[in-house]
Amino acid sequence: MNTLSVPTSPFSDQVPGTSGLRKRVPVFQQPRYLENFVQAILDVAALPAGATLVVGGDGRYLNREAVQTILKMAAANDVGRVVVGQGGLLSTPAASHLIRQGAAGGIILSASHNPGGPDGDFGIKYNTGNGGPAPEGVTAAIAARARELSAYRIADAPDVALDAIGTTTLDGMRVDVVDPVADYAALMETLFDFAALRALLGGGEFRMRFDAMHAITGPYATEILERRLGAPAGTVINGTPLPDFGGGHPDPNLTYAHDLVEEMFGPDAPDFGAASDGDGDRNMVLGRRFFVTPSDSLAVLAANATLAPGYARGLAGVARSMPTSQAVDQVARALGIDCYETPTGWKFFGNLLDAGRITLCGEESFGTGSDHVREKDGLWAVLFWLNVVAARGETVEAIVRDHWRTYGRNYYTRHDYEAIPTDAANGVMALLRERLATLPGTTLGGLRVAAADDFAYHDPVDGSTSARQGLRVLFENGARIVYRLSGTGTEGATLRIYIESYEPEPARHDLDAQDALRPLIDTALSLAELRERTGREAPTVIT
Ligand code: VG1
Ligand code: CO
């Protein structure tokens, strides 16, 4: 054993946010920065001797170097075995699945939808043995440990060859370099009707496009959609993962997935379009000249779940993050199942999934998932949609419009104000907090306020409470305005304003969401004194 104990001192900013520690690449390039955080993770994880750890990332700039460092530190900290994706690559859902195959935990390297490259973002997070992001208690313990570190342990050993599949050893620790796609693809085959999907995609009539945005889902989508399901070559675009995502912003929404959006809204649009994000856990689904909001997507999948073999037995329950629209609540009511409302971030779904209380869950931020893993899963959602389309023999647009007729339409939008000065953002939130108590019973923009609060979540499984999870203004007609500060940004503060209204009347289902929500949007801006306090005239991104 050639273990070095390297003296170190803490960094003041190693506090995980909504999904792990995300910082700009130069921050992670500081000597000892990554090592400190990894040591804090390993100390808190306290894996039993000989345990297995899964390691992999979305391939962004620094991924390879970070994987080598983590392997050497794992060896020095008595980890028995590491399972690592070939080339150091693993999508977040694939990593979750591998952890669930018997590992004690995993370290995932990703900053998800944030840009990559030398000036982009990098990130690292710890997932526990259930395959899910560490719960708040664990991330808080990691932050506390990082604040008191005085040394880290690392093996003085050569780099591991990551490009060839097979087993090697690193200073006594076993390292299995595995195909990042194989196990995940096999899992998908157990959930969806691959015969029906093959008939749909290989039949020559139905055309789809999948935009991998030069991020991690390229190899997964190519293997599953083109090789296993027979979609024509070229179905997957931007399919080669690049360390800087080709200079793009690997965020599957109408703003950043421009190649796909142009084609899907163009003259010869395919029947189905989809995109995923940097680490493969988000999804956007489009029909021909038709955008499916992530909130609607969750509701439609819940309503049609039994059409997919993996969900034919029905749903135990569903959950959505608080800012996600209440469309899925309508479906749960109709099905007579529970619907849970959790804070933003996938880690809050873990207990509900583990306890068998829910089968499907999702977030408005293009995240949908189920109990098959403990992360949201981009390609899974796309396959689920294709399964529903194949089973119903209808277009995406027809399926969604039919859904609205049955359940009503939840008009929904999110306005992001990115990179505003932290003081201004905090000022807006403080003002709103002050105003909350005075709002119930008053009328704003013609609507009566039923309740207003700072959302707190009481986990029904472990009894923990998570407070200050977003400010809500709830109107009597079911409309809502929600304000939150992002916990994934790396520059200034990002204020997110989520706006929703419910429209049961089919004759009014054809409006553009921005038009339908305009009065509420104006109310949201004036209540927050947003223009006055930030100088911003318009949001940075609208989804
Ligand atoms: C955002 C989304 C949240 C999501 C998180 C991680 O967090 O709003 O719903 O769970 O990103 O997704 P925030 O704190 O910036 O609002 V990913 O695909 O970036 O891991
Ligand atoms: Co992601």
Side-chain angles (χ1 to χ4, degrees), residues 191-194 196-201 203 205-210 225 229 231 252 254 260-261 263-265 269-275 283-312 314-315 318 320 324-335 337 359-362 364 366-370 377-412 502-513 516:
L191 299 174
F192 302 115
D193 185 347
F194 267 47
L197 293 182
R198 232 171 262 130
L200 181 74
L201 295 177
E205 247 174 63
F206 181 90
R207 286 187 304 133
M208 86 168 274
R209 195 71 70 223
F210 182 97
L225 297 173
L229 294 173
L254 294 177
L260 178 73
V261 169
E263 191 176 3
M264 293 307 298
F265 287 86
D271 301 276
F272 189 96
N283 74 90
M284 174 169 69
V285 166
L286 301 169
R288 180 182 291 137
R289 289 186 279 280
F290 189 84
F291 167 65
V292 185
T293 74
S295 296
D296 279 348
S297 176
L298 174 63
V300 169
L301 292 183
N304 292 277
T306 54
L307 297 175
Y311 305 91
L315 305 176
V318 292
R320 60 166 171 81
T324 302
S325 99
Q326 298 161 98
V328 73
D329 303 38
Q330 308 281 353
V331 177
R333 210 167 294 133
L335 293 175
I337 57 175
T359 310
L360 293 192
C361 46
E364 49 64 43
F366 299 83
T368 332
S370 88
D377 190 344
L379 196 48
W380 167 91
V382 172
L383 293 168
F384 208 148
W385 261 98
L386 289 168
N387 197 140
V388 171
V389 166
R392 290 181 52 148
E394 291 171 88
T395 65
V396 170
E397 178 168 354
I399 290 168
V400 175
R401 289 194 178 278
D402 177 57
H403 187 91
W404 292 340
R405 270 192 299 276
T406 308
Y407 298 97
R409 176 171 181 187
N410 291 73
Y411 279 105
Y412 189 80
Y502 179 62
E503 180 51 73
E505 184 50 56
R508 288 196 291 269
H509 285 169
D510 284 326
L511 298 177
D512 177 81

Point to revise | Pairwise distance CG(L260) to CZ(F265) - rounded to 0.5 angstrom | key: 9.0 Å
Review point. In terms of side-chain geometry, is the basic nitrogen of D510 or R409 positioned less than 4.0 Å from the acidic oxygen of its partner?
Key: no
Point to revise | Within-4.5 Å side-chain heavy-atom neighbours: F206 and V389 | key: yes
**Study point:** Rounded distance (nearest 0.5 Å) linking atom CG of N283 with atom CG of D377
**Key:** 8.5 Å
Check your understanding: Does the side chain of M208 reach to within under 4.5 Å of the side chain of L200, using non-hydrogen atoms?
Key -> no
Study note, to complete from the structure: So CG of L191 and CG of N387: to nearest 0.5 Å the spacing works out to 9.5 Å
Practice item. Examine distances only and state if a side-chain atom of N304 and a backbone atom of V300 form a donor-acceptor pair shorter than 3.5 Å. Key: yes
Study note, to complete from the structure: To the nearest 0.5 Å, atom CZ of F272 lies from atom CZ of R209 at 13.0 Å
Point to revise | L383 side chain near L225 side chain, heavy-atom distance below 4.5 Å | key: yes
**Study point:** Within-4.5 Å side-chain heavy-atom neighbours: Y412 and D296
**Key:** no
Review point. So how far is it from L301 CG to C361 SG, rounded to the nearest 0.5 Å?
Key: 11.5 Å
Practice item. For the pair S370 (side chain) and L360 (backbone), establish whether a donor and an acceptor sit closer than 3.5 Å, ignoring hydrogens and angles. Key: no
Point to revise | Distance-only side-chain donor-acceptor flag, Y311 / T359, under 3.5 Å | key: no
Review point. Taking all non-hydrogen atoms of both residues, which atom of A302 and which atom of L315 are closest, and how far apart?
Key: O-CD1, 3.6 Å
Exercise for review: Take D271 and E205 through the test side-chain contact (heavy atoms from CB on, under 4.5 Å) and record every step on the way to the result.
Suggested key: CA-CA 9 Å; D271 301 276; E205 247 174 63; over 6 Å; no
Review point. Aromatic rings W404 and H509: how do their planes relate, parallel, tilted or perpendicular, breaks at 30° and 60°?
Key: perpendicular
Check your understanding: Between S297 and W385, what is the shortest heavy-atom contact and its length?
Key -> OG-NE1, 2.9 Å
Review point. Does E263 reach the side chain of P270, with side-chain heavy atoms less than 4.5 Å apart?
Key: yes
**Study point:** Inter-residue atom distance Y411.OH - T293.OG1, 0.5 Å rounding
**Key:** 11.5 Å
Check your understanding: Would you say the side chain of E397 lies within less than 4.5 Å of the side chain of R288, judging by non-hydrogen atoms?
Key -> no
Check your understanding: With a cut-off of 6.0 Å (strictly less than), are more than 12 heavy atoms of other residues, nucleotides or ligands near CD of E505?
Key -> yes
Check your understanding: Side chains of W380 and T368: closer than 4.5 Å at any heavy-atom pair?
Key -> yes
**Study point:** Residue pair M284 / F291, side-chain heavy-atom distance below 4.5 Å
**Key:** yes
**Study point:** Which atom of M264 lies closest to which atom of G273, heavy atoms considered
**Key:** CE-N, 3.4 Å
